[in-house]
Engineer: 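This is the structure I have questions about; it appears just below.
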Amino acid sequence: MSSKPQTGDTPQGLAFALTAYFMWGFLPLYMKLVAHIPPVEVVAHRILWSLPIAAVLLILMRRVGDLKAALRSPRVLAMGCVTATLITINWGIYVWSIGAGYALEAALGYYINPLFSIALGALLLGERLTRAQLVAVALAGLAVVILTVEAGRLPVAALGLTVSWGFYAFFKKSLPIGPNQGFLLEVLILTIPALGYIAYLTATGQSHYGVTSLDTALLMGCGVVTAVPLIIYANGAKLLKLSTIAILQYIAPTMIFLCAVFVFKEPFGGARLVAFPLIWAALVIYSTSLLREMRRKGRAALTEAAPAREA
């Protein structure tokens, strides 16, 4: 007997998703501890120490065969290289932004991301935007313009995180393997350049690994803080409705925002007092529109199913 696909929320899925988002929300605190280490070195260790965690999980799940099949497919490998490159760029920008004092921009980037994904679907897939979605995207664009005019420059960290994660999610949807297998494939692809860079740093005396016990532990811990929330989220998302995930995704940037203002003491005034409320308004409009659309589709599905049950 085949099990029915998950159509509602489950307590286990909610627990998984909340755990992942709270871990991502507290991640700036960890990244601040490695702010004295160059971002590229931190990213290299995020890759290297994620490998054993992702590999052990796949072995326990007995899904190694899926990965072997992916490694034999030139098309899947090519797609994996694209997503691996994009996630590396995203990690690099994130690590740099936290260490350089741009945590507020990081929060902004992840707030804008769902709105960017809507725009991406319209531009690349020809998806039609609803009036509410157009308003939400326009408000997000206005917020970026306000920040740009006030600072005299584009909010590079925010836009970099938005674009890299948006395209990562876009191409990840086309990767024909599960999320856990896909993550391990990406890490495997990235391990060779990561090891090469770490070896170069070691040979030239620039490596922070092995210099002090604290730095060594922090760099090794990068694998845990990278792989564990991704894996937890991937398994939780399968047990939740899309509308629930859409609302929960704002937990992490909200926590990053609070860390930036109250822990890192980044200035929050001027244009930011206008731009962030605009983003929040855009997200409320987007979320409300999404929930209404899902309820409408749910009612339509029930209406179509009723005659079939009566027949």
Side-chain angles (χ1 to χ4, degrees), residues 9-35 37 39 42-58 60-61 83 86-99 102-111 113-114 157 161-162 164-165 168-169 172 178-184 186-187 190 214 217-240 242 244-264:
D9 295 327
T10 69
Q12 185 184 25
L14 188 61
F16 278 149
L18 285 174
T19 300
Y21 280 120
F22 274 102
M23 290 180 74
W24 279 324
F26 283 114
L27 187 58
L29 300 177
Y30 193 95
M31 290 297 114
K32 207 68 170 178
L33 294 175
V34 295
I37 301 174
V42 174
V43 171
H45 282 278
R46 289 188 77 170
I47 295 164
L48 181 63
W49 299 108
S50 292
L51 180 60
I53 298 172
V56 168
L57 175 69
L58 218 59
L60 292 176
M61 293 175 63
T83 57
L86 288 167
I87 196 62
T88 303
I89 293 170
N90 184 268
W91 287 347
I93 296 171
Y94 182 81
V95 173
W96 172 82
S97 64
I98 300 299
Y102 293 102
L104 272 175
E105 281 202 24
L108 178 67
Y110 287 120
Y111 274 133
N113 184 68
L161 288 170
T162 298
S164 59
W165 185 263
Y168 172 73
K172 184 85 168 179
N180 295 316
Q181 298 93 312
F183 177 64
L184 181 54
E186 290 161 358
V187 172
L190 294 169
L214 178 59
L218 287 172
L219 288 172
M220 292 179 68
C222 284
V224 176
V225 300
T226 298
V228 171
L230 274 171
I231 291 167
I232 292 174
Y233 170 78
N235 289 278
K238 295 186 295 186
L239 304 173
L240 293 174
L242 180 61
T244 303
I245 296 170
I247 301 303
L248 292 178
Q249 69 181 321
Y250 304 132
I251 292 174
T254 299
M255 291 180 66
I256 296 171
F257 171 85
L258 294 174
C259 280
V261 175
F262 295 107
V263 181
F264 304 153

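In what follows, residues are counted from 1 in the order of the sequence shown. What you are looking at is a predicted structure, and each value in this text was computed from that prediction instead of being measured.
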Engineer: Could you report the tightest heavy-atom contact between Ala106 and Ser97, atom names first, then the distance?
Structural biologist: CB-OG, 3.7 Å
Engineer: Can the ring centres of Trp24 and Tyr110 be said to be less than 6.0 Å apart?
Structural biologist: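 No, too far apart.
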Engineer: Looking at every heavy atom in both Arg46 and Cys222, which two are closest together, and how far apart are they?
Structural biologist: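 For Arg46 and Cys222, the tightest heavy-atom pair comes out as CG-CB, 3.7 Å.
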Engineer: Between CE of Met31 and CD1 of Ile98, what distance do you get to the nearest 0.5 Å?
Structural biologist: 8.5 Å
Engineer: May I have the step-by-step check of side chain to side chain contact (heavy atoms under 4.5 Å, CB included) for Asn180 and Ile231, ending in yes or no?
Structural biologist: CA-CA 6 Å; Asn180 295 316; Ile231 291 167; 3.8 Å; yes
Engineer: How about Glu186 and Thr83: does a side-chain donor come under 3.5 Å of a side-chain acceptor?
Structural biologist: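 Glu186 vs Thr83: donor-acceptor pair found between side chains.
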Engineer: So do His45 and Ile37 actually touch side chain to side chain, heavy atoms under 4.5 Å?
Structural biologist: no
Engineer: Rounded to the nearest 0.5 Å, what separation is found between the CG atom of Leu190 and the CG atom of Leu51?
Structural biologist: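 The CG atom of Leu190 sits 10.5 Å away from the CG atom of Leu51.
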Engineer: With distance as the sole test, does Tyr30 use its side chain to make a donor-acceptor pair with the main-chain N or O of Leu218 at under 3.5 Å?
Structural biologist: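 Pair found, side chain donor or acceptor close to backbone of Leu218.
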Engineer: Between Glu105 and Ala157, what is the shortest heavy-atom contact and its length?
Structural biologist: OE1-N, 3.1 Å
Engineer: Could you tell me whether the side chain of Leu240 reaches within less than 4.5 Å of the side chain of Leu14, counting heavy atoms only?
Structural biologist: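 The answer is yes; the side chains approach within 4.5 Å.
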Engineer: Got a donor-acceptor contact below 3.5 angstrom from the Ser164 side chain to the Leu86 backbone?
Structural biologist: no
Engineer: To the closest 0.5 Å, what do you measure between OH (Tyr168) and CD1 (Ile87)?
Structural biologist: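 Answer rounded to 0.5 Å: 4.5 Å.
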Engineer: Mind checking the CD1-CD1 spacing from Ile251 to Ile256? Nearest 0.5 Å is all I need.
Structural biologist: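 Taking CD1 in Ile251 and CD1 in Ile256, the distance rounds to 12.0 Å.
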Engineer: With a 6.0 Å cut-off (strictly less than), is the heavy-atom count around OH of Tyr102, excluding the residue itself, greater than 12?
Structural biologist: no
Engineer: Output the distance between atom OG1 (Thr162) and atom CD1 (Ile93), rounded to the nearest 0.5 Å.
Structural biologist: 9.5 Å
Engineer: Side chains of Tyr111 and Thr254: any donor to acceptor distance under 3.5 Å?
Structural biologist: yes
Engineer: Identify the heavy atoms of Pro28 and Phe264 that sit nearest to each other, and give their distance.
Structural biologist: O-CZ, 3.6 Å
Engineer: Shortest non-hydrogen contact from Leu248 to Ala17?
Structural biologist: CD1-CB, 3.8 Å
Engineer: Does some side-chain heavy atom of Met23 sit less than 4.5 Å from a side-chain heavy atom of Val225?
Structural biologist: no
Engineer: Do the ring centers of Trp91 and Tyr94 come within less than 6.0 Å of each other?
Structural biologist: no
Engineer: If every non-hydrogen atom of Ala260 is compared with every non-hydrogen atom of Ala103, which pair is closest and at what distance?
Structural biologist: CB-CB, 3.6 Å
Engineer: Got a second to check how far Leu184's CG is from Leu57's CG, nearest 0.5 Å?
Structural biologist: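 Separation between the atoms: 9.0 Å.
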Engineer: May I ask you to test the Tyr233-Pro179 pair for a side-chain heavy-atom distance under 4.5 Å?
Structural biologist: no
